[in-house]
Every structure is written in C-alpha cells, then in structure tokens.
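Single-structure report; data block below.
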Amino acid sequence: MNPESLSSAALSPSSPLLLSARDLAAQVSQGQVTPQASVGAALERAEQMKHLNALISLNPAAQQQAQQVATRLAAGETLPLAGVPVVVKDNMNLRGTVTTCGSRMLAGYLSPYTATAVARLQAAGAVVIGKANMDEFAMGSSTETSAFGPALNPWDNGRVPGGTSGGSAVAVAAGIVPISLGSDTGGSVRQPAAFTGVYGFKPTYGRVSRYGLVAHASSLDQIGPLARSAADLALVMGVIAGHDPLDATSLDVPLEPAEGAWPSPLRVGVVRESLVGNTPGVQAALARVLAALEAQGASVSQVSLPSTEYAVAAYYLISTPEASSNLARYDGMVYGLRAAGSDVAASMGSARARGFGPEVKRRILMGTYALSSGYYDAYYSKAMRVRQLVAQEFARAFERFDVLVTPTSPFPAFRFGERSGDPLAMYAADVDTVAVSLAGVPALSIPAGFEELDGHPLPVGIQLIAPALADQRLLTLAQLLEQGGLLSQPGWGVGA
Ligand code: GLN
C-alpha cells in the first residue's frame with residue numbers, strides 16, 4: 001500500500017483511533033467514548049488492514065475485557081490506559097490466547113498464564129485485541145521468517161516492515177492501535193519502528209519484566225513499547241516498568257523522575273562508526289536530528305566506539321548459544337509440535353525438523369557449535385570479551401556525553417527477498433542496534449523523515465542512546481524534540 005491508498009483507507013475523522021493513547025484513555029475515562037466502542041473500532045480496523053498480515057490471531061475475549069474495563073470505571077477506578085486497544089507480539093503470553101512465536105512449533109499453544117508486562121497493561125485498563133506477527137522465535141530482521149507469512153510495510157507493500165516485531169510496528173503504523181508491545185534482543189523494536197515511521201523504545205536491560213516473554217537470548221531480551229508519539233512511549237513505560245520478583249534479572253530500581261533531569265547544555269555524541277555506509281536519506285535524517293538538537297542548545301561532536309565494529313559478530317556468537325539452550329525445551333514431548341517416530345529420539349527429531357524453520361535451525365546449529373568443547377574459547381568466550389569492551393566503551397563515552405546518536409538502520413525498509421537468501425546480509429542489517437543490546441543501555445528510534453525509493457516515501461529512523469537507567473530522561477528528550485515540531489510528523493499516515 002502506498003501513502004495514497006493508505007489515505008483512501010484513512011480512518012474517519014471521528015475515529016477514536018486517531019487519538020493518542022493518552023487522549024483516548026482520557027476520553028474513555030470521561031465517558032465520551034466507551035471501552036467497547038474503542039475496542040470495536042480497533043477490531044474493525046484490524047479487519048480492514050488484514051492484507052498487511054500484522055496480526056497472527058485476535059483475542060477472542062477482547063470485547064468481554066472491554067466490558068470489564070467499563071465496569072471498573074463505573075466503580076470509580078482510575079485507569080491510565082482506560083479502554084486503549086493494544087497489540088502484543090506473539091511471544092508474550094496472554095492467558096486464553098494462542099502464543100505461537102511465529103513458529104509452527106507452537107501453533108495451537110494456549111497460554112496458561114499472562115506475562116507481567118501484559119498483565120500490567122490490562123491492570124491499567126488496556127485491552128489486548130490481538131497478537132502481532134513476528135519473525136520465528138524473534139530471529140530475523142524482516143518478519144520474513146514467520147511461519148504465518150511476512151507482515152507488509154504499509155508504506156510500500158513490496159517491502160518488509162522490519163523485524164522481528166514487524167507486526168507490532170505495522171499495527172501502530174496502520175492505525176489499528178495507538179500502542180503495542182514488541183521485544184528487542186538486538187534491535188527488534190527499534191528497527192521495525194524505523195522502517196514503519198513510528199517510535200520504538202528498548203529499555204535498560206532489566207527495566208521491564210521478562211516473565212511470560214518466550215526466551216530468545218535471555219541476557220539480551222527486553223520488552224519495549226511502540227507508539228506514534230514519544231509521550232505515549234513514556235505513558236506505557238510508566239505502566240509496564242518496575243521490579244517483578246518473577247524475573248530474577250528484573251531491576252529493583254524505580255524509574256527516575258522525568259523532569260529537569262538533563263544537564264544544560266546537553267552534550268550529544270555522534271557515533272563515528274555509524275556514519276559510514278548509510279543511504280543519502282538516512283544521512284540527511286541524521287543531520288536533521290542533530291540540527292534540531294543544536295537548535296535546542298545542545299553541543300554536538302563525534303565520539304568513537306571502536307569495538308562496535310565487532311558487535312554484530314559478538315551478538316550472533318552470544319545470542320545463538322543462548323537461543324540453542326532456550327530452544328532445547330521444544331522437544332515435541334513437554335512442549336511443541338508432536339510428531340510420530342519409531343522411538344523417542346526419532347519423534348523428537350521429527351518434531352524439530354517439521355516444527356522449526358530454516359533460520360531457527362541455523363541459529364541452533366551455530367549456537368551449539370560456538371559452545372562446543374574446543375570452540376568455546378575461540379568463539380563464545382571471545383565474544384563475551386568483546387561484549388565487555390563494548391559496554392566499557394559506552395560507559396566511557398557517557399562520561400563525556402549525555403546522549404549518543406546513530407541511525408537506527410543504515411537504510412530504510414528493504415524489499416522482500418532482498419536479504420532473506422543471504423543470512424550474513426540479514427545479520428548486517430543489525431549493525432546500528434546490536435551494540436546497544438550488548439551494553440544493556442536504553443535506546444529509542446524516532447521517526448526523522450523519509451527517503452524516496454521507487455516512488456515511495458519510506459520512513460527513516462534515528463536512534464538516541466542513553467546511559468543505563470536513564471530511560472525516563474531519554475523519553476523526555478524525545479518528547480522535547482517532538483513538541484518542538486523539529487522532526488517531521490511520524491509516518492503513520494492514517495490521518496486526514
Ligand atoms: N535481528 C536480530 C536477530 O535476528 C535481532 C532480533 C531481536 O531483537 N529479537 O537476532
């Protein structure tokens with residue numbers, strides 16, 4: 001779909017889906033819109049945008065849950081996300097829904113419980129309308145590895161929406177919901193946000209509970225929100241962040257106060273290693289954001305993080321061993337597709353052969369290899385040392401700079417098939433996002449304009465990175481840029 005056909009599918013000017021999550025919750029709380037009408041509008045929009053394949057399944061209890069929100073409001077409860085329809089990535093458990101992780105292995109797996117982040121959204125009055133399409137087990141950068149077919153980029157249906165939280169990004173970009181949840185192991189919230197023209201945030205590792213998030217690489221996985229505004233990201237973080245005794249890596253540190261926390265003048269470091277290999281449109285977007293920061297009084301200079309050159313290699317040598325160990329549970333016995341076989345081993349082998357797609361199998365093989373005796377020191381331990389160096393370089397840079405800036409991706413959305421035949425080309429697409437994940441620091445992608453390719457304006461995202469635990473401050477900075485009108489409008493394109 002190009003922007004013209006997007007606008008012909010535009011929402012009516014009275015649709016509650018045109019509102020930000022904050023305004024929609026306010027209207028629902030004041031009784032101007034019922035939770036049922038708000039959820040109904042989202043379900044209708046999901047049907048209208050079905051060709052984008054953003055959702056793997058709908059929540060059969062959505063309307064009933066909207067009714068419960070109405071009851072709670074009538075009882076006088078204050079709900080920050082009252083009646084706000086949301087979509088969550090299909091690797092987050094929601095009791096009573098099917099959680100597939102985009103894999104045949106888990107087709108039909110009914111969640112027996114709800115992930116903490118999702119439960120917190122519900123406690124705040126949000127209603128999950130469906131589960132978002134994703135790369136299989138969150139491995140990929142385009143949603144092309146989904147067993148349910150790829151999601152399509154609303155700006156050009158011949159292009160990927162990014163991955164792995166592609167469905168979560170498309171649901172927001174196409175106006176199905178104002179906010180969604182994705183998960184980010186090496187860029188999976190930030191890169192699809194950039195490719196679809198929305199905001200996406202990866203919190204400090206440990207900020208949001210991973211309880212109920214199906215594990216990919218446990219030392220890197222973080223749940224993060226996607227939204228059409230930085231203000232809505234902050235609203236969602238206020239709801240989902242915080243300590244959870246059910247996740248041993250959950251941080252027991254409160255979100256710091258948002259206001260007045262930035263030093264003045266703000267010291268902005270542009271990461272030198274991220275300045276090469278970008279398309280002209282990405283380079284122009286970066287210049288625009290830096291100019292906007294300077295206009296706010298920031299000082300901008302370059303900083304080098306030399307070890308980030310090895311970040312992609314280190315990321316794939318750390319994430320695949322973790323994934324190979326996490327995915328061992330899908331044996332077709334306790335979990336996953338059951339397949340017939342002459343004995344236990346044959347049955348497990350057959351379940352895995354049929355249940356997993358090629359990329360997941362490749363990761364299991366790579367991860368097992370990197371951990372095997374004789375190769376462990378050469379690969380896994382060396383990658384862990386690179387991870388240390390990357391983290392140290394970020395820490396050192398944050399002694400001189402308050403915030404670091406890079407593109408979110410060196411290029412806008414690529415075409416279907418352009419990278420899927422070449423795993424290394426696909427991995428290389430993560431060049432701007434994985435170092436942040438290795439260091440565990442917070443980062444967000446902001447929409448920063450468009451690059452025209454093949455006659456389609458394609459959104460471009462710029463990444464802002466902050467020191468560990470400075471999540472709120474980072475979101476405040478994004479809101480300042482947004483309020484200043486210094487960035488072009490987010491590209492969700494469904495307005496009048
Ligand atoms: N593209 C990266 C990978 O395939 C990141 C995935 C993610 O963040 N879940 O591992």
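Read the numbers this way: they start at 1 and go in the same order the structure lists the ligands and their atoms. In what follows, residues are counted from 1 in the order of the sequence shown.
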Checking side-chain hydrogen bond (donor to acceptor under 3.5 Å, both in side chains) for the pair Asp221/Thr185: CA distance, chi angles, key distance, verdict? CA-CA 4 Å; Asp221 298 341; Thr185 305; 2.7 Å; yes
Check step by step if side-chain hydrogen bond (donor to acceptor under 3.5 Å, both in side chains) holds for Ser229 and Arg22. CA-CA 10 Å; Ser229 71; Arg22 190 182 296 266; over 6 Å; no
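Using a 4.0 angstrom heavy-atom cutoff, Tyr316 counts as in contact with ligand 1. For Arg363, the closest heavy-atom approach to ligand 1 falls below 4.0 Å.
Considering only non-hydrogen protein atoms, atom 5 (C) of ligand 1 sits nearest to Tyr315 OH, 3.3 Å. When only non-hydrogen protein atoms are considered, atom 6 (C) of ligand 1 lies nearest to Ser188 OG, 2.9 Å. Closest to atom 2 (C) of ligand 1 among all protein heavy atoms lies Asp430 OD2, 3.1 Å.
Ring centroids of Tyr113 and Tyr211 are separated by less than 6.0 Å, placing the two rings close together.
Results of the salt bridge (charged side-chain N to carboxylate O under 4.0 Å, His left out) test with Asp184 over Arg210, Arg190, Arg207, Lys202 single out Arg190 as the only residue that passes.
On a distance-only criterion, Ser141 and ligand 1 share at least one N/O pair closer than 3.5 Å. Polar contact check, Ser183 against ligand 1: no nitrogen or oxygen pair lies under 3.5 Å apart.
Atom numbering of ligand 1 starts at 1 in the shown order; those under 4.0 Å from a heavy atom of Ala138 are 6 (C), 7 (C), 9 (N).
Note: Phe398 and Phe394 have parallel aromatic rings, judged against thresholds of 30 and 60 degrees for the angle between ring planes. Between Tyr330 and Phe137, the ring planes are tilted. Angles from 30° to 60° get that label.
Of all the heavy atoms of Met426, none lies under 4.0 Å from any atom of ligand 1, so neither backbone nor side chain is involved. Heavy atoms of Thr164 found under 4.0 angstrom from ligand 1 belong exclusively to the side chain.
Counting only non-hydrogen atoms, the option in Ser437, Gly187, Gly186, Gly140 that gets closest to atom 1 (N) of ligand 1 is Gly140.
Between the side chains of Lys89 and Ser183, at least one donor-acceptor pair of N or O atoms lies under 3.5 Å.
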